[in-house]
Protein chains: 2
Amino acid sequence: MSKKQLIMEKALELFAKQGFEATSVQQITDHCGISKGAFYLSFKSKDELIFSLIDYFMTQLISDIDYKVKNTQNNELLFTYFYTTFQTFSQHSDFAKVLMKEQAQTFHNQELIEKMYMYDRLVDKATLSMVERLYGEEIINTKYDLVYCIKGLMSNYSKLMLFSNVPLDLKLLSESLVEKINLLAEHATIAFISEDFIRSMEQPALKEVTNEQLLEMLTLKIEEMEESIEKESLILLKQHLLDPSLNLAIVKGLIENIRNHPHCKWISYLLLSYFNF
Amino acid sequence: MSKKQLIMEKALELFAKQGFEATSVQQITDHCGISKGAFYLSFKSKDELIFSLIDYFMTQLISDIDYKVKNTQNNELLFTYFYTTFQTFSQHSDFAKVLMKEQAQTFHNQELIEKMYMYDRLVDKATLSMVERLYGEEIINTKYDLVYCIKGLMSNYSKLMLFSNVPLDLKLLSESLVEKINLLAEHATIAFISEDFIRSMEQPALKEVTNEQLLEMLTLKIEEMEESIEKESLILLKQHLLDPSLNLAIVKGLIENIRNHPHCKWISYLLLSYFNF
DNA sequence: TTGACAATTGACCGATTAGTCATTATTATA
DNA sequence: TATAATAATGACTAATCGGTCAATTGTCAA
């Protein structure tokens, strides 16, 4: 076994127990029986290690799911989907635990968050195409909800599987979920998640906007606006960004002034999030 | 506002954004505009702060849910359950985010993990009693699965609500979940989670609260409260605990008086279960 | 056996953390 | 106004972190 693999295996055990942030490089190297320096011969940083782990397992998981979805008869498809996923989680329970623990944006590395988000979307995509193939036109309104139900049930039962130490009957579990999802697909009528909603979520998450960016946008906007309360408000807001002197309540009011102007919606949205309103 | 409250509010904002571990005490005090020393005048450690936050919100949430479950007509119960929970999450979205982020055993403080586990079990308990009341004998085999489905769907849709920045139609969301759960309750036949399984997972949850504990809590609460109907009610309840003399109806009324005071939710929940209401 | 090179080590570094405490500022009282 | 009591401060400590690198050990052809 290469040193890299050794580190990945041993580190995964610790991450599953304690979480990524809570595990130090020293602990990992102790657990491997190597020195700290040796760690950095295999990985250039601790981030690169978790990056490798997530890439290694997620590519496998997603290609597995995708292959199964594409190459299974309809009558067995849903069962296969659940069963293989649960089996994979069961076989690689340490990784699954890490995934569960770190799912909610625990990482500080922006690149890693984006990677996780991308993998999540890929799973969604495979699930959606399965749902569409299985139920066709009859669930055209509720298909996104169906995907979210599958996700919700899977993640909750996975938690049960991973964090209870009782060995579970994964076939029975998968069958019970198949029954549930079939029921929902055939009889549920109220759609909550619409196509539009999905599209609005798909846009890249807003990065924290900087003072400089806001100033630049304000300057441009002020130039293009005609004399009005809105323009006056923008000017005051710009001055406040350059030299903060206004009461927060006043700032909020100024943003409120421009919030409904058709050309200022975006900038007011950014200002609101900049000032944490 | 007391300094303690200020710290709790400001810290919650940061925890929601960055997570508990990733937020330093220095950041919190900067955000409050106070010194680091001042923080330790209000809380004896960073752990005590997150402890207080979780206690403060979870006691409210659980007593709210419990009360709703006990005091809503069957035909509206499930909707009310979903709607109030989503509304609470929406109103206290920072706390809900912290809850989501830290749900998977991220904490290192053992006491805190146990506390979270206890609260989780209490929610399960309230949900189970709702399910039993709604569907009675017909779901006797699948009731635990039903509870887990409710949890899974709720947590997944809550994530959607909290981390998408689009305002959502919570009534529609609740209605769609009501439909789904009704379908599962009425038609699902395959049970995965058995009574035995639950029992094997069970560790001591809420111990029966004693007269002495209640007296102590009441004494503390009475001290910190301002003159009001609520305080008067607490004093009468304390006297009744020391020397039972009041009619049960009066006791129930007194508890009702304090039930909606934000600082009395937990104690009223404990009183209700103590008197078997 | 030697010497050149590669692999490995762990003491060390700067940064950051939770938490402390002598000092200073503020408020209440006489 | 003077004095005591209380509140607040921020420089400081000890510990831990990820990451580095001069020094040491191991390997193997000559």
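Each chain gets a letter, A, B and so on, in the order its sequence line appears, and its residues count up from 1. Atom set for the values below is all heavy atoms of this structure, side chains included, hydrogens, waters and symmetry mates excluded.
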Contact string for nucleotides 23-28 of chain C, one letter per nucleotide 5' to 3', B = base within protein heavy-atom range under 4.0 Å, S = sugar-phosphate only, - = neither, reads ------
Okay, side chain of Lys46(B), backbone of Ser24(B): is any donor-acceptor separation there less than 3.5 Å?
->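 It does not hold such a pair.
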Among all residues two or more places apart in sequence or in another chain, which pass the ring pair (Phe, Tyr, Trp, His ring centres under 6.0 Å) test with Phe15(A)?
->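 Partners of Phe15(A) under the ring pair (Phe, Tyr, Trp, His ring centres under 6.0 Å) test: Phe20(A).
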Ring pair (Phe, Tyr, Trp, His ring centres under 6.0 Å) against Phe57(A), all qualifying residues, sequence neighbours excluded =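 If we apply the ring pair (Phe, Tyr, Trp, His ring centres under 6.0 Å) test to Phe57(A), skipping adjacent residues, the hits are His92(A), Phe95(A).
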Which pairs pass salt bridge (charged side-chain N to carboxylate O under 4.0 Å, His left out) with one or both residues in residues 49-59 of chain A, sequence neighbours excluded?
->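 Pairs touching residues 49-59 of chain A that pass the test: Asp55(A)-Lys115(A).
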Mind calculating the distance between [atom1] ([X]) and [atom2] ([N]) to the nearest angstrom?
X	N	atom1	atom2	result
Glu48(A)	dG18(D)	CD	C1'	14 Å
Glu21(A)	dA18(C)	CD	P	13 Å
Phe20(B)	dT17(C)	CZ	C1'	12 Å
Asp30(A)	dC17(D)	CG	C1'	14 Å
Lys44(A)	dT20(D)	NZ	C1'	15 Å
Gln26(B)	dA15(C)	CD	C1'	14 Å
Tyr40(A)	dA22(D)	OH	C1'	18 Å
Phe43(A)	dG19(D)	CZ	P	13 Å

Under 4.0 angstrom, heavy atoms only, what part of the nucleic acid is Thr23(A) near: base, sugar-phosphate, or nothing?
->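 Sugar-phosphate only.
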Which donor-acceptor pairs under 3.5 Å do side chains of residues 30-38 of chain B form with protein atoms, sequence neighbours excluded?
from, atom 1, to, atom 2, distance (Å)
Asp30(B), OD1, Gln26(B), NE2, 3.4
Ser35(B), OG, Ala38(B), N, 3.2

All salt bridge (Lys or Arg N to Asp or Glu O under 4.0 Å) counterparts of Asp124(A), not counting sequence neighbours |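 In terms of salt bridge (Lys or Arg N to Asp or Glu O under 4.0 Å), with neighbours along the sequence ignored, Asp124(A) is linked to Lys151(A).
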Under the side chain to side chain donor-acceptor pair (under 3.5 Å) test, which residues partner Tyr274(B), sequence neighbours left out?
->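 Scan of Tyr274(B) (side chain to side chain donor-acceptor pair (under 3.5 Å), adjacent residues dropped) gives Asn211(B).
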With sequence neighbours left out, write down each residue that passes side chain to side chain donor-acceptor pair (under 3.5 Å) with Ser233(B), or none if nothing qualifies.
->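 Expected list: Asn257(B).
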Which atom pair, heavy atoms only, marks the closest approach of Asn156(B) to Gly152(A)?
->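 The answer is ND2-N, 3.3 Å.
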Using nucleotides 8-10 of chain D, report all nitrogen or oxygen pairs with the protein that are shorter than 3.5 Å.
from, atom 1, to, atom 2, distance (Å)
dA8(D), OP1, Lys3(B), NZ, 3.0
dT9(D), OP2, Ser35(B), N, 2.8
dT9(D), OP2, Ser35(B), OG, 2.9
dT9(D), O5', Ser35(B), OG, 3.2
dG10(D), O6, Gly37(B), N, 3.4

